[in-house]
Q: 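Got a structure for you, written out below as structure tokens; questions coming shortly.
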2 protein chains.
Amino acid sequence: MKRPTIADVARRAGVSKGAVSYALNGQPGVSAATRQRILAIAEEIGFNPNSAARALSGASARAVGLALSRPARILGIEPFFMELISGVEAELSSRGYALTLQVVADPEAEVAVYRRWWGERRVDGVFVCDLRADDRRVPMLEELDLPAVVIGGPGHTGALPHVWSDDAAAVTETLEYLIALGHRRIARVGGLPGLLHTELRTSAFQRVCERPEVRWSLSVPSDYSGEDGARVTRRLLSAPERPTAIMYDNDVMAIAGLAVAQEMGLAVPGELSIVAWDDSPLCQLVHPALTALSRDIPAYGGHAARHLLALIRGEQVGAYQDEGAHLTPRGSTAPPRAS
Amino acid sequence: MKRPTIADVARRAGVSKGAVSYALNGQPGVSAATRQRILAIAEEIGFNPNSAARALSGASARAVGLALSRPARILGIEPFFMELISGVEAELSSRGYALTLQVVADPEAEVAVYRRWWGERRVDGVFVCDLRADDRRVPMLEELDLPAVVIGGPGHTGALPHVWSDDAAAVTETLEYLIALGHRRIARVGGLPGLLHTELRTSAFQRVCERPEVRWSLSVPSDYSGEDGARVTRRLLSAPERPTAIMYDNDVMAIAGLAVAQEMGLAVPGELSIVAWDDSPLCQLVHPALTALSRDIPAYGGHAARHLLALIRGEQVGAYQDEGAHLTPRGSTAPPRAS
DNA sequence: CTGAAAGCGCTTACAG
DNA sequence: CTGAAAGCGCTTACAG
């Protein structure tokens, strides 16, 4: 089947290609009646402008890019990215933008991908996820004039606009709740050490744990996997002085931690309280249901997409603070049983 | 920063643009020495060919498309798609192809997306997931000359090449195992009714359950969510004649089912055996660990990508049968306790 | 083996 | 309000 071109539309409408272009793009330079006729014909013969020709003529590529550098295994485990992508997509597709996705091996490869996309003019802008301290992508994207929105922060975003939520506040809220319940020995199983949001959560954890009520605290990094969550939990619970509460940086590790506690014969929440970061349906399926930090991840992605599109249109875009995670208490947290 | 073009490379190398193009694309028409020099200069000034110009000149778009029509919530829950995408990506990016992703509301919208992509020449080919009986996408893609590989089947794929695995065999293997354990009352919580693979699994289930050993059987559809899995399980276990074994079409529902059984005071596996389809790490984190149908989903995606790229190169591509899911027995299955 | 030139399908100043 | 034309940056026959 032959693809119709703008020339086909012009011929049938009896106008020039320029007129068709103006009509299709809502530009002035064509009468309302002609515009109507042109649109009807385009619709009728199923015309869609060739995206390459459009992009080459200086118009936009109508695509934005997202490169992710987590191992496939982790991407599958965590609902986070798929939910984020769903939210991004909902916003993009309503504006006729496509999302170009690339999964790469490491942050270095991500830099190369962004640089290549820029050279290829393949995308009009990009998202930056999984920000790290001194992230090489930030100065590179500032240097190139490739519109970019960082999903994350605050801090280390350079001059790039960013959409962020206050992870530190969520950690503080959680710890204050645990302290109020009477917990005095609190541990945390954190995420990947290099990531900025991990560091922000870690600092917040340490700051709150300096309060006099907290007698013992420990924050341990992990790779986000259930295996790692289980391993760290086993170690924490086997120590002579074990925590009465553990917070986990994702839900998979929290569920793994719950399983370990049960396998070791510890009552949850009686002998161990558990809090999960990110509230997937699974948190409500286990017994006891997990107290979790909930947030609307698709909405987060939607905000990021909206900001990137505004940036591409040339609007001034600054930082946008999203709502942030809030604590949803369930059966896995309670006052520690006197022991 | 100004993007370097092919003219910049040509000028610095003292050759024509044509020569640069031949050198870059590994075409004959340029001496080895000149090719070397050109490549070195391109590398040095960070030249990447403008993808729009390339696509417009009849070369490929160097991108393939995937449209998904599941609600955001479900996409996040199931590791399947993210793992599939990871596998697809690994193969594509090693060949310099990008993946264009679009999440849409329903199958109708998917048809429109493919048609638009074709008109825009935005992609060189597409994947088709979540095949349905009498899927409108199949005749449409056959009519357009847009290379397409169906991920799924067998059957209802028309003349399109497809990558599939034998779900029916996996159902049969599972049921024969349960029957051998001594189960005589077996239920299944299936996936979305419209999907072909759901229907294939359902037929296989019903076929095996016609065997004389099976005294009672029931297959119930669901929407893949944990809530639905829990609801159906509760209903199954509350009936006067309840099953001694249930198999679930995904792991989230199986975990939900396990939780329901425990909440109802039923011993797993003593009073109820549970089998999950798709073996995520979570299956090993719950207690007892779930017997599951395991498969290598990233590899599945990789095969599909390899076939699509071959099709785009103009090679003959037929059906490819992937390895398929195999049963991994764990603690959630055992002979039914005499009751 | 190399160069000059046409052409892909749009968009957008520039004249009428 | 409309038309003719240049140009985006490549690829690829076509001459030399």
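Being a predicted model, the structure only gives us computed values, none of them experimental. Letters go in sequence order (proteins before strands), and every chain restarts at 1. What's counted below: heavy atoms across the whole structure, side chains too, no hydrogens, waters or symmetry copies.
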Q: Under a 3.5 Å cut-off for both distances, is D/dC1 Watson-Crick or wobble paired, and to whom?
A: C/dG16
Q: Take the protein atom CG of A/N50 and the nucleotide atom P of D/dC10, then report the distance between them rounded to whole Å.
A: 16 Å
Q: Assign each of B/A53 and B/G14 to its nearest nucleotide of DNA chain C by heavy atoms, then name whichever residue's nucleotide is nearer the 5' end.
A: B/G14
Q: For the pair made of CD1 in A/I38 and P in D/dC1, what is the distance, rounded to whole Å?
A: 13 Å
Q: Any side-chain to backbone donor/acceptor pair from A/R62 onto A/R95? Under 3.5 Å, distance only.
A: yes
Q: Are OP1 or OP2 of D/dG9 and a side-chain N or O of A/R121 less than 4.0 angstrom apart?
A: no
Q: Rounding to a whole Å, what distance do you find between B/R54:CZ and C/dG9:P?
A: 18 Å
Q: Would you say A/L66 and A/V88 make side-chain contact, with heavy atoms under 4.5 Å?
A: no
Q: A/R137 side chain to A/C129 main-chain N or O, any donor-acceptor pair under 3.5 Å?
A: yes
Q: Give the minimum heavy-atom separation between B/V123 and B/W117, together with the two atoms involved.
A: CG2-CB, 3.9 Å
Q: Does A/S21 put a side-chain nitrogen or oxygen below 4.0 Å from OP1 or OP2 of C/dT11?
A: yes
Q: C/dT11, OP1 or OP2 - any side-chain N/O from A/Q27 closer than 4.0 Å?
A: no
Q: Over how many whole Å does the gap from B/L56 atom CG to D/dT11 atom P extend?
A: 11 Å
Q: Quick one: does any side-chain atom of A/D124 pair with a main-chain N or O of A/V64 as donor and acceptor, under 3.5 Å?
A: no
Q: Roughly, in whole Å, what's the span from CZ in A/F47 to C1' in C/dT11?
A: 12 Å
Q: What is the distance, to the nearest angstrom, from the CG atom on B/L24 to the C1' atom on D/dC10?
A: 11 Å
Q: Within less than 4.0 Å of OP1 or OP2 of D/dC1, is there a side-chain N or O belonging to A/T34?
A: no
Q: May I ask you to verify if any side-chain N or O of A/S31 is less than 4.0 angstrom from the OP1 or OP2 atom of D/dT2?
A: yes
Q: Between atom CG in A/N25 and atom P in C/dT12, what is the gap in whole Å?
A: 7 Å
Q: Could you pick out which residue, B/Y22 or B/N48, lies toward the 5' side of DNA chain D when each is mapped onto its nearest nucleotide?
A: B/N48
Q: I need the NZ-P distance between B/K17 and D/dC10, as an integer number of Å.
A: 8 Å
